[in-house]
**Q** 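Next up is a structure, given as structure tokens.
Not measured: the values here are computed from a predicted model. A, B, ... follow the sequence lines: proteins, then strands. Residue 1 opens every chain.
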Amino acid sequence: MQDTQLMKGILEGCVLGVIAKGETYGYEILSQLASNGFEDLLEGTLYPLLTRLEKNGYISCRKAKSPLGPIRKYYTITVSGKRYLNDFKENYKKVTVNADKVLFDECRYTQLKEGDENDGLQCNGGTA
Amino acid sequence: MMDYNAMGEQLNGEYKDVFEKAELYGVVNNVAEDVREDLMMNLFDLLLTAQSKNKNVKYVIGNSVENFCEDYYNNYNWKERVKRLPEYIYRIVKFIFIFELLDLVLLDSNQNLSIFEAKSDLLPYIGGLCIGWLSMLIAYLFIKPIMFKKGVAKARLCLYIVLGLQIVACILGTVFLSDNRIMFRVYPGLLITGLYIIIYVVGRSVWRKKTYGYVRKHKEYKGEYEFSFKNSFKLSNYEFAKELEKRYIRTNKILKKFRKKTRTPDKFTTIIRKEIENEKKYQKLMILLYIVIAIAFVVSNIIMNGIVDSLFFAAVLIPIEGIVYYFVYYKLSNFSMNAKKALFEEIDDLGLNIIEYVEMKRNSEDSDIEKRKKLNDSEEKEEGKDNQNSSGVSYDEKAGKKGNEKKRYISVVKTKKNKIK
């Protein structure tokens, strides 16, 4: 979560991806993302992000009583949200493929040049 | 308006602390009430869910409460504030309109001035605005750091001090600046403020109708979390007992200082029990005193100013004083009496005195925290499995928790009683 600029865009798509699976709420989104490796994502980041998505019309929100009592916001993806998610997925694929190419090839190049396997492994680890 | 105290009551320890800090952060940042309500309701649900799942609060907010608050309120930036400027102006203008109207009706009617000749002083408005903004700035610059460094209680105390100073500044301002007046005619002020109010209300109604389909303000959070005057004074039995425990410690300290016999917990409990009976007596006495004062006031006025004037003022002032008395004395003493009664009902059932009750509750709270820590540790190990299925806490789970709490409660009471024996 250190590279915030990179994470910001990716998170938006991932949150939208979680909501696209079905109606969900804040805590569940956090849990889902944490279980997929986004352990550092906190409510302080998630809530403004959800508000932004709602303002842009990508998700809609329904308020209902939770089993524990308080009013809970349940989020659903909208049609424009689905469209945005599809675009995001395509763009993400392209960007990652290209980035992988550049970074992976660069590592290979150094690996071959220096003939040191350890260096190459470090590079791969950094890329993944 | 939402009752944040009632919500905070449902949270324990660190969850409650985060909730209170986030709420106060919104206050000192002057976040609009409806935005704050939305944010707090969302946070409340999240913290309550995390608490019921025995998740560490850090799982939701991270390591720093301060950073969390900053991120959480991130959307309420200067752009949002500028958008809300018409609403903010409307709130100020509403007051100016009412004061101008009062000025015109009450003060200038004595001088028989027409609406076009009547004048009003601008200085109190300027002074009021300056004091208000200064207080907001002080709250933002000083109370926020106090809250994160010294805790919510101290920050709240500072906030009350700032509010007190605000009142003092207003009083001093009216006393010392009474000679420096900036007079202006009432009618342009009334016209401008009146027009603004009409335009704003009509514009808001149209916008609401377009956006939500209704003109009146829609209340999203109804029921148990709605603020009520009655609930705002309510303390849980444990909290009230803790306050009494502080009083017990204080009294014994003073008695020790003067080398007098200190009070035993049982003796202290008896004294508090007696206070309930005494409060009932005081209430009756106060009503009697109020009636005597009112009659004396009317009679003395009739002698000095005649019947008609005196009866007119009595008809206006006595109900106002009655309402003030009702809320300031009668209601407050009733709240304290009811709190004591509820506490005694519980401690009588358990067969404990107040101090033993506080200790027992404290022990059970400590073991709760320990239990949560253990559960957290074990859950963290199995996190991957657990997170896949997080669709809310069942009532059975809740009931199970309550059952365990009751068992622990009884065992603590038993050990306490054995110790006493």
**Q** Does some side-chain heavy atom of A:Thr51 sit less than 4.5 Å from a side-chain heavy atom of B:Asp38?
**A** no

**Q** Examine whether an atom of B:Ala22 lies under 4.5 Å from a heavy atom of chain A, and if so say whether it belongs to the side chain, the backbone or both; otherwise answer neither.
**A** neither

**Q** Would you mind telling me which of B:Leu48, B:Thr49, B:Asn42 makes a side-chain contact (heavy atoms from CB on, under 4.5 Å) with A:Arg72?
**A**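 Single pass found, and it is B:Thr49.
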
**Q** Taking all atoms of both residues into account, what is the closest heavy-atom pair of B:Asp71 and A:Pro48, and its distance?
**A**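 Answer, listing the atom of B:Asp71 first, then A:Pro48: O-CG, 3.1 Å.
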
**Q** Crowded around B:Lys58 NZ? As in, over 12 foreign heavy atoms under 6.0 Å?
**A** no

**Q** Taking all atoms of both residues into account, what is the closest heavy-atom pair of B:Tyr59 and A:Ala34, and its distance?
**A**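 Closest approach of B:Tyr59 to A:Ala34: OH-CB, 3.9 Å.
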
**Q** So, A:Lys63 and B:Glu37, do they make that salt bridge, N to O below 4.0 Å?
**A**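 Result for this pair is no, no salt bridge flagged.
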
**Q** Looking at A:Lys73 and B:Asp45, does any basic side-chain N land under 4.0 Å from a carboxylate oxygen?
**A** no

**Q** Give, for atom CG of A:Leu68 and atom CG of B:Leu47, the distance between the pair rounded to the nearest 0.5 Å.
**A** 12.0 Å

**Q** With a 4.5 angstrom heavy-atom cut-off, is it the side chain or the backbone of B:Ile61 that approaches chain A, or both, or neither?
**A** backbone

